[in-house]
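Notes follow the structure.
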Amino acid sequence: MPLNRHRCCCRKRIQLYIGALFPMSGGWPGGQACLPSAQMALDLVNKRTDILPDYELELIYYESMCDPGEATKLLYDLLYTEPIKIVLMPGCSSVSTLVAEAARMWNLIVLSYGSSSPALSNRQRFPTFFRTHPSATLHNPTRVQLFQKWKWTKIATIQQTTEVFTSTLDDLEQRVKEAGIEISVRQSFLTDPAVAVKNLKRQDARIIVGLFYETEARKVFCEVYKEKLYGKKYVWFLIGWYADNWFKIKDPSINCTVEQMTEAVEGHVTTEIVMLNPETVRGASNLTSQEFLAQLMSKLGGKNPEETGGFQEAPLAYDAVWALALALNKTVGPLKAKGRRLEDFNYNNKDITAEIYRALNTSSFEGVSGHVVFDAQGSRMAWTLIEQLQGGSYKKIGYFDMTKGNLSWYGNDRWIGSDPPADQTVVIQKFRYLSQKLFVSVSVFAGLGILMGIVCLTFNIYNSNVRYIQNSQPYLNNMTAVGCMMALAAVFPLGIDGLHVRNSQFPVVCQFRLWLLGLGFSLAYGSMFTKIWWVHTVFTKKDEKKDKRKHLEPWKLYATVGVLLVIDILSLMIWQIVDPLHITVEKFTKEAPKGDVDELIEPLLQHCSSEKMNTWLGVVYGYKGLLLLLGIFLAYETKSVSTEKINDHRAVGMAIYNVSVLCMITAPVTMILSSKQDASFAFASLAIIFSVYITLVVLFVPKMRRLITRGEWQSDQQETMKTGSSTNNNDEEKSRQLERDTSPTARSTATAATPADCSSSTSEPGGTGRKCKRGHGKLKGGRKTSYLDSRPTIFPISAQQTALFVSFVSDTCCDSWEVINRRLENLVLIASFDASPYLKTTHALNHFNVQMSNPQLILTRKIVDE
């Protein structure tokens, strides 16, 4: 490329040469405006008699195309081609990185006008580098300030893979981390941003910082338009040094129209280093910023600034020349004192380089870009301008002074929605609560069940002196009623959730659920299980052992219930001490509400749980399950047993069947439905209610019906005197009918024999019956017994006595011999029927035959031993 020189036509002076690289094309064509600006500064400097009066600055420049490879060749030409350059002035960050790293080998000062890479702030790597363009990291404090202002805590980034943007992003990541802000998505691309933009969309990025050159920016926003990653839900942060109409420039590398690009970029925010002094002051060049712009426009020949690359950075190039001129001017005196001059500089002279470095490092003057001063890393300190694209043009919305941490805000920011968008989809956590209609309905049934339990308990206590109630073990029935009421009471805490109590009170509700249900089950089912257990234990043993165990002691029943209750209490206490219940919150899949709102609803559900909940439930369910299975087995084994000591054991067996089936179905189903609060509560509570209702109805309603229909409301003695041994009112009617049909002097003949040893004979009125031989036989179990005398035994009885005897025989179906003997005693006592010696031997017979004097009245009854 041909050498380009710019010199001033002035009086003869010593020439000092500046080697420069200006990018006229490429990723950042900043040389289009920066070169004319630097030439303007040189003309003014060389005209000044107070600045370098004995010297003339001359600019030797090449076109670098912002390409490091091209810049390497050009740097070689600058260094190895006469004349010697005293300072180098590169533009792009990538080119400046190459030049600054090599310059120290030739003891050259490098002063850049357009490099923003944070990597260039490394003094160990670039010891002689200065720049009038602030570091790109100067944008980051401003960005963090804006994130905090708009209350964003989650951002995403997309960058072009170059050192300047990688370094900037590393610095941003550190700053946002200190501010408590998260970078949730970090994407990068080399040439094609399509995949990176799609990833941003897929990961729901909302606040996006874009770091790329202008040409890549057009590619990015074409993809942004295609992915619909713009609008009221999104905010883009871009670099502010693009041309104002960068999105309207036709670019053959994209397939989006200007209208589409304009739609996609609307509302984005830029942070830009203040490159033009906003105040009307005359600085070192004796020009105001507005006068500078006017002269620059004149030098550009009327070109549209928006279409001229580097127009915004032109003041920085202008001030770079002035900074260099002022620094060289400051070195004249110190060098003269050492016997040196600027023209003595060569690439091996470190002293002159050190003086120039010292002068630049202490520079401080007012330029057209603002106050020019360098920090310890050689970077320019400056304000940051904040702009927003509104209606296709940029509007200033604020300034940020990094040195003071002061944000000046105009308050004219405008959003597509009413407010700045959220940094992510707003997730509204909403607790799921139990349906109150369901809770009230079930509570009514539970309350009625408790009332029913109270009625049954009261009935059982009030009639505890009635023999029929006494023979049902009323204290165990009382425990069953109390247990049922406790189980029903557990329905209320089962339906209480966060809608009714605070979180701090919820563990108490959990404890009520556990203890009421656990103890209620132990009392209700435990008392029924105890009955069926002892019926099986006492009355299903072999006959030779039966006599020893036929007297059931009540304390053993209560002790069995007590053992079951103590086991439950101890297990629950250990559970709550070792691993107490607490609140756990289950989260469900987020749901999108109706309407165009940027919100998601995350349903939550409160549970009572502990750290090892499954283990504890396994232990409890395993223990209870074994009891239920054993109860079913015992109920089946004792279904044909008859005993007066526990006269309701068949009803107990039926209740056990129902409770066991409901419990075995409910336990696993409620665990499966635990995430569905209404279904889980309905299933569990209704299972409790049905179990309790069935238990109370089966155990207590038959007793109430018997006592009500038969009038057995008094003690057993009074009941016997009042009704005799008849078991219902129909028997009394039979007695009256018999009195009308027979005479008072009627007689009855009764004989008894075994079928094996008796021969049939014709029955005659008042006479004979079957004839049997006297002998012995064996009963089941091997017990020997004597048969009755073969001669008929005749008992004179009246019609009333006959009716009572008929009632006695009718009531002995399926009863035990103890019950039969007790009925016989009542019969003898009431009717003066001296038949006990005869009937007391009937337990030794297989058949029992009675023949009355009345030919129409013949009773045959088969009585089977247990």
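Numbering of residues begins at 1 and proceeds along the displayed sequence.
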State, without any angle test, whether [X] and [Y] hold a side-chain donor-acceptor pair at a distance under 3.5 Å.
| X | Y | result |
| --- | --- | --- |
| Thr670 | Ser680 | no |
| Lys703 | Asn463 | no |
| Thr560 | Trp533 | no |
| Gln677 | His607 | no |

Kindly say whether the aromatic ring centers of Phe439 and His500 come within a distance under 6.0 Å. yes
State, yes or no, whether a side-chain contact exists between [X] and [Y] at a heavy-atom distance under 4.5 Å.
| X | Y | value |
| --- | --- | --- |
| Leu457 | Asn477 | no |
| Leu476 | Val652 | no |
| Leu605 | Lys587 | no |
| Phe492 | Leu516 | no |
| Phe700 | Thr695 | no |
| Ile694 | Val659 | no |
| Lys430 | Glu602 | no |
| Val561 | Phe529 | no |

Could you list the residues that satisfy side chain to side chain contact (heavy atoms under 4.5 Å, CB included) with Val563, not counting sequence neighbours?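 Val563: side chain to side chain contact (heavy atoms under 4.5 Å, CB included) contacts with Ile567.
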Sequence neighbours left out, what passes side chain to side chain contact (heavy atoms under 4.5 Å, CB included) with Phe431? Give chain and number order. Tyr433, Val585, Leu604, Gln606
Backbone N or O of Tyr636 within a donor-acceptor pair of the Tyr657 side chain at under 3.5 Å? yes
Backbone N or O of Ile496 within a donor-acceptor pair of the Arg513 side chain at under 3.5 Å? yes
Please report the shortest heavy-atom distance between Ser435 and Asp678, naming the atom on each side. N-OD1, 3.0 Å
Closest heavy-atom contact between Gly518 and Lys624?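 Looks like O-NZ, 4.1 Å.
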Excluding sequence neighbours, so at least two apart, what forms disulfide bond (SG atoms under 2.5 Å apart) with Cys663?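 Disulfide bond (SG atoms under 2.5 Å apart) check on Cys663 returns nothing, list empty.
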Test of understanding: with ring-ring contact (aromatic ring centres under 6.0 Å, His included), list the residues that count as partners of [X], not counting sequence neighbours.
| X | answer |
| --- | --- |
| His582 | none |
| Trp515 | none |
| Tyr525 | Phe521 |

side-chain contact (heavy atoms from CB on, under 4.5 Å) between Trp575 and Met613, intermediate numbers included: CA-CA 10 Å; Trp575 182 354; Met613 187 71 171; 3.7 Å; yes
Would you compute the distance between atom [atom1] of [X] and atom [atom2] of [Y] and round it to the nearest 0.5 angstrom?
| X | Y | atom1 | atom2 | result |
| --- | --- | --- | --- | --- |
| Gln576 | Cys510 | CD | SG | 9.0 Å |
| Thr666 | Phe690 | OG1 | CZ | 10.5 Å |
| Tyr693 | Ile688 | OH | CD1 | 13.0 Å |

Residue from Val692, Leu523, Ile450 passing side chain to side chain contact (heavy atoms under 4.5 Å, CB included) with Met486: Leu523
